[in-house]
2 protein chains.
Amino acid sequence: MARAATTSDAFNAIAEPQRRRILTLLKGRERPVNEVARALRITQPRASKHLRVLREVGLVRVRESGQQRVYTLDARGLRPIHAWTGGFEQFWNESFDKLDAYVRKLERQEQNDDHR
Amino acid sequence: MARAATTSDAFNAIAEPQRRRILTLLKGRERPVNEVARALRITQPRASKHLRVLREVGLVRVRESGQQRVYTLDARGLRPIHAWTGGFEQFWNESFDKLDAYVRKLERQEQNDDHR
DNA sequence: ATAACATATGCCGATATGGGAATATGTCAA
DNA sequence: TTGACATATTCCCATATCGGCATATGTTAT
């Protein structure tokens with residue numbers, strides 16, 4: 001088995017920086033592919049492919065408008081990620097203390113090394 | 001260029017389900033590799049590799065304790081992800097309305113198709 | 001029909017994966 | 001020193017990228 005498919009879930013989908021940029025861009029308003037491509041300075045095929053991934057995990061929706069496909073943000077899929085990371089909130093505050101303890105422990109170890 | 005390296009940042013690191021499980025596990029308390037492996041029912045090399053990735057993006061730290069390497073959670077790297085997803089909070093609430101509008105629009109289109 | 005425009009898709013190349021198995025490296029105890 | 005134990009690393013395989021380019025598909029206007 002290789003790496004999990006990028007289309008498997010939102011966690012994988014947003015691992016790609018370009019796709020994060022697309023989502024951020026769509027916060028402003030819905031946009032057709034070409035506009036996305038131009039805004040992010042990527043080729044049209046690239047934009048289409050990223051948008052496809054985002055569509056497949058449900059982070060965007062498409063609406064056909066004449067010959068254009070207008071993509072709209074559907075951020076609900078980000079909620080689980082926000083929730084999951086939120087579960088660590090207490091820890092990233094606490095971490096400073098733990099880091100201090102860790103550093104002190106390291107220093108002690110190094111002292112022991114010196115005395116060997 | 002291929003996919004972004006999994007070790008490049010926390011976004012990539014947590015795209016892997018096993019690694020998310022490891023981080024969750026370490027919320028309880030620090031643990032040596034073997035314990036992680038046993039708890040998640042993965043092989044020791046696999047645990048080591050995942051822990052390495054997590055270490056390289058700074059989500060865990062290692063402390064040597066005799067012949068064991070004890071891994072500790074350092075959740076600070078998750079904060080940017082929480083913040084980034086949090087920037088979409090207003091949208092995932094709003095989305096229901098937008099989805100309604102979208103569905104209605106779709107239905108209209110289908111009606112048009114029928115009349116063609 | 002035909003041309004112009006907007007998107008999507010297929011194919012290629014280079015690369016990075018995650019998993020398993022075997023093995024190297026390092027530490028401690030007798 | 002030797003052996004047991006804990007971890008890390010390497011090699012191999014199958015797969016899934018992401019990017020560029022060419023091209024298929026679909027829509028609108030003439």
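Lettering follows sequence order; numbering is per chain, from 1. Values in this document were obtained by computation on a predicted structure and should not be read as measured data.
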Next item on the list: Figure out the CD/C1' separation between A:Gln68 and C:dA4, and round it to whole Å.
Entry: 14 Å

Check: Can you check the A:Arg31 CZ to C:dA6 P distance for me, whole Å?
Finding: 16 Å

Notebook entry, point to check: Is the shortest side-chain N to carboxylate O distance from B:Glu16 to B:Arg20 below 4.0 Å?
Noted result: no

Notebook entry, point to check: Given A:Tyr71, which of A:Arg55, A:Arg31, A:Glu35, A:Glu30 fulfils the side-chain hydrogen bond (donor to acceptor under 3.5 Å, both in side chains) condition?
Noted result: A:Arg55

Checklist line | Of A:Leu73, A:Val53, A:Val36, the residue whose pairing with A:Ile22 passes side chain to side chain contact (heavy atoms under 4.5 Å, CB included) | finding: A:Val36

Notebook entry, point to check: For the ring pair A:His82 and B:Trp92, is the centre-to-centre distance below 6.0 Å?
Noted result: yes

Margin query: Heavy atoms within less than 4.0 Å of DNA chain C: which residues of residues 42-49 of chain B have one? Give them sorted by number.
Written below: B:Thr43, B:Pro45, B:Arg46, B:Lys49

Check: Would you say A:Arg52 reaches C:dT7's phosphate, i.e. side-chain N/O to OP1/OP2 under 4.0 Å?
Finding: no

Margin query: Using whole Å, what does the distance between atom P of nucleotide D:dT7 and atom CD of B:Glu35 come to?
Written below: 9 Å

Margin query: Nearest whole Å is fine: how far is D:dT15 P from B:Glu16 CD?
Written below: 17 Å

Check: So, is B:Tyr71 near the phosphate of D:dA8, with a side-chain N or O under 4.0 Å from OP1 or OP2?
Finding: yes

Note to self: Here's a test of your reading of the structure: between B:Val70 and A:Gln18, which maps to the more 5' nucleotide of DNA chain D?
What the structure shows: B:Val70

Notebook entry, point to check: At under 4.0 Å, does any side-chain N or O of A:Asn34 touch on OP1 or OP2 of C:dC5?
Noted result: no

Next item on the list: Answer yes or no for B:Lys27 and A:Phe91: cation-pi contact, defined as NZ/CZ to six-membered ring centre under 6.0 Å and angle to ring axis within 45°.
Entry: no

Item checked: Positive for side chain to side chain contact (heavy atoms under 4.5 Å, CB included) with A:Pro32, one of A:Arg63, A:Gln67, A:Gln68 -> A:Gln68

